[in-house]
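So you know, we letter chains A, B, ... as the sequences are listed, proteins then strands, and number each from 1.
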Protein chains: 2
Amino acid sequence: MDIFSLSSREISLLIYLAQNRAAEKEIEITTTQLANFFKISQQTASRCLLKLNEMRIVTWKSSPKGSLVMLTSQGTHILDQLRFELEKALHPDLTFIELKGTVFSGRGEGKYYVSRPAYMKSFQSQLGYKPYHGTLNVRIGNNYIDHLDLIRGSWPVIIPGFESEERPFDDVLCYPLKVIGLEDKVAGIIPRRTHYGANVLELISKVCIRDILNLADGDEIVIEFPLTHD
Amino acid sequence: MDIFSLSSREISLLIYLAQNRAAEKEIEITTTQLANFFKISQQTASRCLLKLNEMRIVTWKSSPKGSLVMLTSQGTHILDQLRFELEKALHPDLTFIELKGTVFSGRGEGKYYVSRPAYMKSFQSQLGYKPYHGTLNVRIGNNYIDHLDLIRGSWPVIIPGFESEERPFDDVLCYPLKVIGLEDKVAGIIPRRTHYGANVLELISKVCIRDILNLADGDEIVIEFPLTHD
DNA sequence: ATTACTATTTTGCGAGTAG
DNA sequence: TCTACTCGCAAAATAGTAA
């Protein structure tokens, strides 16, 4: 989904809806309200919502009493993308986005996921290396959560999901990163914003980052997300 | 200028130009380049630049050899506005934007400007009070410069400029603020981003803030810009 | 009240091409 | 090569109105 393929009206509508909390919950709204706010006709507002719904950018339930609208995760992602492009536009000299966080121990879930053979194979082909069979959990500092959101707006490396006998495995979104002090390439897996504890980042690399950098729980690390200016 | 009156194409173009440093300097570009990048026809790219130029959003000098384009301050302001709207969309629970800075002594220029009778009169009518005849200079901390840029994206109170015998006086842009610890209303004058030392904010209020809060040079103050959710 | 269909008008794109 | 005109067609807007 390219944000520039949306019309200005659709983007404005999305922003308006998000400002009214439609990213978190279903909100009540009427097409007339939207029409008045944007100084367009009620019909256009209706058609616009219809289209956003078809594109899976919002979910929309309409009735003769009004409408219930909520942004999908794709809808939120469009706003993230726009924010990312805008950040590069307003700071054209920026060469990377910085993150600081502290190392902590998870419950080995990362290890479980990363070592699924189907994922492993895609990591190898998409990132160019076979990752170490575990992840380094980093809790991003409060001052850097915005930066995490910014990175979410960039185009990720997509590790495709798959179906297993027990359950389906989702696509995994990776972002190429650099850990200060470490030579090896690193990729970060950023959970969706909606998750509880969305300030967590899981790092994968060819090597065991924790061992090489001699990290203990609570140690701070600095991470950079490179910005490639076309 | 309402950002929602621009087409998606115009906004994308503006972002693209800014990413290529057109906010700081004239950049060389051809309409064919733009056409290829956005997968549109060369004619549409040409028309689009023409329109942005007419709207004073960019300056554009075209010749049979190519084009020179640069964003005007209005062009940059549109990006700021978009950023501001996006910020509210991505953080709908935010009730204010915080600034921290340190007090310093200027050379009395603020005092000179504020006390022009024509300005004084507009301050009274637009802000509802006659400001103290001096400004409090605040140097905004590095971590808060982004927040300053955000505030720039909001709709300011505009104190109209005027012509005097000696020289013209520009419009003054004010933003309603709150200084923590002070009851009285405060307004901030934020210089244009292009100025050297754009991390400076001049506060005006009915009272002498420095005296009431007993501020010395170097003291830190905390400022809030309230966000009104429509 | 709503949403949303149909008809009509307006806007805007791209192709061809001149300067 | 560039920019930028005219023209024909397609997309999208509004108005009227039905459900």
Side-chain angles (χ1 to χ4, degrees), chain A residues 1-17 20 22 25-72 75 78, chain B residues 1-17 20-22 25-72 75 78 230:
Chain A
M1 165 61 59
D2 181 16
I3 53 171
F4 298 138
S5 68
L6 294 172
S7 75
S8 156
R9 178 133 319 141
E10 285 151 2
I11 293 174
S12 329
L13 194 49
L14 218 51
I15 291 176
Y16 177 85
L17 293 171
N20 288 284
K25 58 169 198 265
E26 274 191 332
I27 62 167
E28 292 178 47
I29 207 152
T30 70
T31 50
T32 318
Q33 255 178 279
L34 293 174
N36 289 338
F37 185 83
F38 288 109
K39 310 265 196 310
I40 56 176
S41 70
Q42 171 271 324
Q43 295 84 338
T44 300
S46 173
R47 241 175 326 102
C48 200
L49 275 178
L50 188 69
K51 199 174 157 200
L52 287 175
N53 185 62
E54 274 172 9
M55 293 193 291
R56 313 269 169 166
I57 290 172
V58 302
T59 58
W60 179 38
K61 296 162 193 162
S62 71
S63 79
K65 284 180 189 164
S67 301
L68 287 172
V69 186
M70 184 175 172
L71 266 68
T72 63
I78 286 171
Chain B
M1 162 60 58
D2 181 15
I3 52 171
F4 298 139
S5 67
L6 294 172
S7 75
S8 156
R9 177 134 320 142
E10 284 152 2
I11 293 174
S12 330
L13 194 50
L14 219 51
I15 291 177
Y16 177 86
L17 292 172
N20 290 90
R21 298 191 159 68
K25 58 171 199 266
E26 273 190 331
I27 62 167
E28 291 178 50
I29 209 153
T30 70
T31 50
T32 318
Q33 257 178 276
L34 294 173
N36 290 337
F37 185 84
F38 288 108
K39 310 268 198 302
I40 56 176
S41 70
Q42 170 271 325
Q43 295 86 335
T44 301
S46 172
R47 245 192 318 240
C48 199
L49 274 179
L50 188 68
K51 198 174 159 201
L52 287 175
N53 185 61
E54 273 172 9
M55 293 193 290
R56 314 266 170 170
I57 290 171
V58 302
T59 58
W60 179 38
K61 296 162 193 162
S62 69
S63 79
K65 283 181 191 164
S67 301
L68 287 172
V69 186
M70 184 176 172
L71 267 68
T72 63
I78 285 171
D230 339 304

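- Put simply, the side chain of A:Gln43 and the base of D:dG16 share a donor and an acceptor less than 3.5 Å apart.
- The aromatic rings of B:Tyr16 and B:Phe38 stand perpendicular to each other, their planes meeting at an angle above 60°, with 30° marking the opposite boundary.
- For the pair B:Ile78 and B:Ile11, the minimum side-chain heavy-atom distance is 4.5 Å or more.
- The separation between B:Ile29 atom CD1 and D:dT1 atom P is 19 Å, rounded to whole Å.
- One atom, NZ of B:Lys51, and another, P of D:dA4, lie 16 Å apart when rounded to the nearest Å.
- What separates CG of A:Leu13 from P of D:dA12 is a distance of 16 Å, to the nearest Å.
- Pairing each heavy atom of A:Arg56 with each of A:Thr72, the nearest pair is O-OG1, 2.7 Å.
- If you measure from atom CD1 of A:Ile40 to atom C1' of D:dA15, you get 15 Å, rounded to the nearest angstrom.
- Nucleic acid contact for B:Ser46: base, since at least one base atom lies under 4.0 Å from a heavy atom of the residue.
- Residue B:Leu50 has its side chain nearest to D:dC5 when only D:dA13, D:dC5, C:dG14 are considered.
- Rounded to whole angstrom, the span from the NZ atom of A:Lys39 across to the C1' atom of D:dA15 amounts to 20 Å.
- At the heavy-atom level, B:Thr30 lies under 4.0 Å from the strands shown only through sugar-phosphate atoms.
- Between the CG atom of A:Leu49 and the C1' atom of C:dC5 there is a distance of 17 Å, rounded to whole Å.
- OP1 and OP2 of C:dT3 both lie 4.0 Å or more from every side-chain N or O belonging to A:Ser62.
- No side-chain heavy atom of B:Ile57 sits less than 4.5 Å from a side-chain heavy atom of B:Glu10.
- As a whole-Å value, the separation of A:Gln42 CD from D:dA18 P is 15 Å.
- Contacts of B:Ser7 with the nucleic acid, taken as non-hydrogen atoms under 4.0 Å apart, are absent.
- Judged by distance alone, with hydrogens and angles left aside, B:Arg9 brings no side-chain donor or acceptor close enough to the base of C:dG12 to form a pair under 3.5 Å.
- Judged by distance alone, the side chain of A:Ser63 and the main-chain N or O of A:Lys65 form a donor-acceptor pair under 3.5 Å.
- Taking every side-chain heavy atom of A:Ser41 into account, D:dT14 is the closest of D:dC2, D:dT14, C:dC13.
- Regarding B:Arg47, its CZ atom lies at a distance of 10 Å from the C1' atom of D:dC5, rounded to whole Å.
- Side-chain proximity of A:Ser67 to D:dT14, C:dC13, C:dT3: nearest is C:dT3.
- Phosphate contact (OP1/OP2 of D:dC2, side-chain N/O of B:Thr32, threshold under 4.0 Å): present.
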